[in-house]
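Data block below; observations after.
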Number of protein chains: 2
Amino acid sequence: MNNLEKPRGGRPRAFDPDRALDAAMHLFWEHGYEATSLAMLREAMRLTPPQIYNAFTDKETLFRKALERYHQTEIGFALEALSAPVPTHEAIRRLLMGAAETYSRPGKPGGCLFISGGLATSPQAQAIADELKTYRKASEAAIAGRLEKGRASGELPEGFPAEAFAKYLAGVMNGMSIQARDGASAEELRVLARTALAVLPGEGQKQDQSKD
Amino acid sequence: MNNLEKPRGGRPRAFDPDRALDAAMHLFWEHGYEATSLAMLREAMRLTPPQIYNAFTDKETLFRKALERYHQTEIGFALEALSAPVPTHEAIRRLLMGAAETYSRPGKPGGCLFISGGLATSPQAQAIADELKTYRKASEAAIAGRLEKGRASGELPEGFPAEAFAKYLAGVMNGMSIQARDGASAEELRVLARTALAVLPGEGQKQDQSKD
DNA sequence: CAGGTTTCGTAACGATCGATATGAATAATT
DNA sequence: AATTATTCATATCGATCGTTACGAAACCTG
C-alpha cells in the first residue's frame, strides 16, 4: 500500500504511479466512477491494462486511491479553514470561499469529486456510492465539530443547533458543487457563499450584497 | 408522440405505456441514466426489449420522456409555489418546503431526478448531461423571475439581486437533493430550508430555529 | 553469471452493453 | 375473406465492458 516500499528486485516501473493516479483522479472527477472506462483511463494514464492492474489492483481500488489523493491534494482548504485559529464565523467563511475557488478552478473539472464521482450508481457500484457518501458525511461532521467548538467558546448562542446548521452548510457546499458543474464562475460562487453566510451569527450580521 | 393518437390498425398494445414509463422514470431516478441498464428496465417495466424500443424508440428517448413525465407528475409543487398569488417570501418558502417533502418522499428515490439522472457522464452521454443541465437552469430562471416580480412589486428592495439570489436558492435546492440522497429526513430538510430562507428579506426576518 | 522477482507488451478472455432481425399474432380496412 | 398495419415473442447481433494469460524483458541477490 505504501509507495515508498522498495521491492526486493525485479524490473523497475516505467512510469510514475502518482502522476498516473493524478490522471485517473481527474478523469473520475470529470466523468464519475462508472462512466469512466478502462479505455479512457488507459489513454489518460498512458498505461496498458496490465500496468494499471499491477499497480492499482482493479478499477475500484484505483478509484478509492484517487479519492484519497483528491482528499490530500485538492481539498486541503477545508481542513485548513476549520482548524485555523480564527473566530467561528471567519472559519466558516474561509470554508465556503475556499469551496467557491476549488469547485471552479480553471483546468480542473467543476465541482467536487465526492459528488461527481458517483451520486446515482448501478447496484454493482453501491459500495462506491457508499464510500462517497461517507466522505460527504465526514465533511458535514467536521463542520458540526467546528460549530460546536464555537458554541462551547461562547462565540455562538447557548442553544445553537450545530448539527442542523452543519447540515445546512454542507448542503450549500453540495449545491455549490452542482452550480459549479453547471458553469458557475468563482465570482458567482463567492456571491452564493456570501449569501449563505448571512444566516450565521457573528461578524456583525451584515446583510448587504456588496463585495468584500 | 401523442399517446392519444389511434393507429389505423394492427395488433393492440399488451401494456400501458404510461405505467411502463413510470417504472422507467423511477429506475432512472434511483440509478441515473447510464447506470440503468436495459436489463433493469426490462424487468421493472415488465417488457421485452422490442416492446421498449417499439414504444420509446431507444434508451435516450425513453429517458427524455421520463424527464418530461417527472416534470409533470412529480415536481408540480415548484410551479405551484412560484405562480401562487402570495407574497414573494411565502412563495419561496413554499418552494423550499415543497422540495423538502418531494426530495424525501417515502417509496420514492431520494433527491431530484434532474440531478440524480446524470451529473457526471461518459462522453457518449454528454447530450443527456446537457439536457439535465437545461432543466436545472430552467428552475433557476423560474426562481429569478419570481424574485424579479417581487422586486417590481416593491416587496423586495430596489437593487435586490434577483439572479444572484436565485442562484443561491437553486443551489440550496440542489444541495437539499444531495442531502436527501444521503438519507436526510423530511424534517431535516425542512430545517435546512428554514435556515436558508432566513436570508431572504420579508416576513419579519425571524432568525429562530423553532418549528412552524 | 545463475536464480529469483517484478514489470513489460501483446493478445484475448467471458460478461454485459444497447439494439435488432425474424416471423407469427392480432387488429382495422377494403 | 384478403390486405395492410402494428405489436408480439424468441433469439441474437456487434461493440464495449473490466479483467487476465502468457512469455519476454529488466532489475536485484547470491
Side-chain angles (χ1 to χ4, degrees), chain A residues 1-21 24 27-28 31-66 118 120-128, chain B residues 1-21 24 27-28 31-66 118 120-128:
Chain A
M1 294 295 174
N2 191 343
N3 287 334
L4 299 179
E5 60 178 308
K6 292 281 180 64
R8 290 172 305 193
R11 183 171 173 170
R13 285 229 165 83
F15 63 94
D16 181 348
D18 280 335
R19 292 190 70 86
L21 184 55
L27 213 52
F28 284 130
H31 302 289
Y33 172 68
E34 291 189 286
T36 301
S37 71
L38 256 297
M40 295 162 68
L41 289 167
R42 183 165 56 90
E43 182 180 353
M45 300 169 81
R46 304 210 158 241
L47 297 176
T48 64
Q51 285 178 307
I52 298 177
Y53 278 80
N54 179 45
F56 303 102
T57 309
D58 57 14
K59 189 188 176 187
E60 179 168 341
T61 304
L62 173 61
F63 182 72
R64 294 188 129 95
K65 292 188 176 178
T121 67
S122 72
Q124 291 79 14
Q126 186 57 51
I128 293 295
Chain B
M1 292 299 173
N2 191 343
N3 288 333
L4 300 178
E5 59 178 308
K6 293 281 180 62
R8 290 172 306 194
R11 182 171 174 171
R13 284 229 166 84
F15 63 94
D16 181 349
D18 279 337
R19 291 191 70 85
L21 183 54
L27 213 52
F28 284 132
H31 301 290
Y33 171 68
E34 291 190 287
T36 301
S37 70
L38 256 297
M40 296 163 68
L41 289 167
R42 183 166 56 90
E43 182 181 353
M45 300 169 81
R46 303 212 158 242
L47 298 176
T48 64
Q51 283 178 307
I52 299 176
Y53 279 81
N54 179 45
F56 304 102
T57 308
D58 57 14
K59 189 188 176 186
E60 180 168 340
T61 304
L62 173 61
F63 182 73
R64 293 188 129 96
K65 293 188 176 178
T121 68
S122 72
Q124 291 79 13
Q126 185 59 48
I128 292 296

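Note on naming: letters A, B, ... go to the chains in the order of the sequence lines (proteins, then strands), and numbering restarts at 1 for each one. These figures come from a predicted structure and were not determined experimentally. These numbers come from the heavy atoms of this one structure, side chains and all, not from hydrogens, waters or symmetry mates.
For C/dT7, the OP1/OP2 oxygens have a side-chain nitrogen or oxygen of A/R13 closer than 4.0 Å. Contact check, A/Q51 against C/dT7: no side-chain N or O comes under 4.0 Å of OP1 or OP2. Residue B/Y53 has a polar side-chain atom (N or O) positioned under 4.0 Å from OP1 or OP2 of C/dA19.
Looking at every heavy atom in both residues, A/M40 comes nearest to A/A35 through SD-O, 3.7 Å. When all heavy atoms of B/P49 and B/R42 are compared, the pair lying nearest together is CD-CD, 3.3 Å.
Put simply, CD on B/Q124 is 9 Å from P on D/dT16, counting in whole angstrom units. For the pair A/L47 CG and C/dT10 P, the interatomic distance rounds to 14 Å; values are reported in whole Å. Rounded to an integer number of Å, the gap from B/L41 CG to C/dC17 C1' is 12 Å. One atom, CE of A/M40, and another, C1' of D/dT19, lie 18 Å apart when rounded to the nearest Å. The distance between atom CD of B/E60 and atom C1' of C/dC17, rounded to the nearest whole Å, is 16 Å. The CG atom of A/L38 sits 15 Å away from the C1' atom of C/dC17 (whole-angstrom rounding). Between the CD1 atom of B/I52 and the C1' atom of C/dT20 there is a distance of 13 Å, given to the nearest Å. Distance B/D58 CG to D/dC13 P: 22 Å, rounded to the nearest Å.
Residues B/E34 and A/F15 both approach DNA chain C. Their nearest nucleotides, taken by heavy-atom distance, put A/F15 toward the 5′ side. Between B/R11 and B/T36, the one whose closest nucleotide on DNA chain C sits nearer the 5' end is B/T36. Positionally, the nearest nucleotide of DNA chain D for B/P50 lies more toward the 5' end than for the other of A/K59 and B/P50.
Looking at heavy-atom distances under 4.0 Å, B/A55 makes no contact with the nucleic acid at all. Heavy atoms of B/P49 sit under 4.0 angstrom from at least one base atom.
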Would A/I128 and A/K59 count as a side-chain contact (heavy atoms from CB on, under 4.5 Å) here? Give the steps. CA-CA 11 Å; A/I128 293 295; A/K59 189 188 176 187; over 6 Å; no
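Taking the six-membered ring where tryptophan is involved, the planes of A/F63 and A/Y33 are tilted, since the angle between them lies from 30° to 60°.
Among D/dC17, D/dC8, D/dA26, the nucleotide with an atom closest to any side-chain atom of A/P12 is D/dA26.
Using modelled atom types, no side-chain atom of A/H31 and backbone atom of B/A120 make a donor-acceptor pair closer than 3.5 Å.
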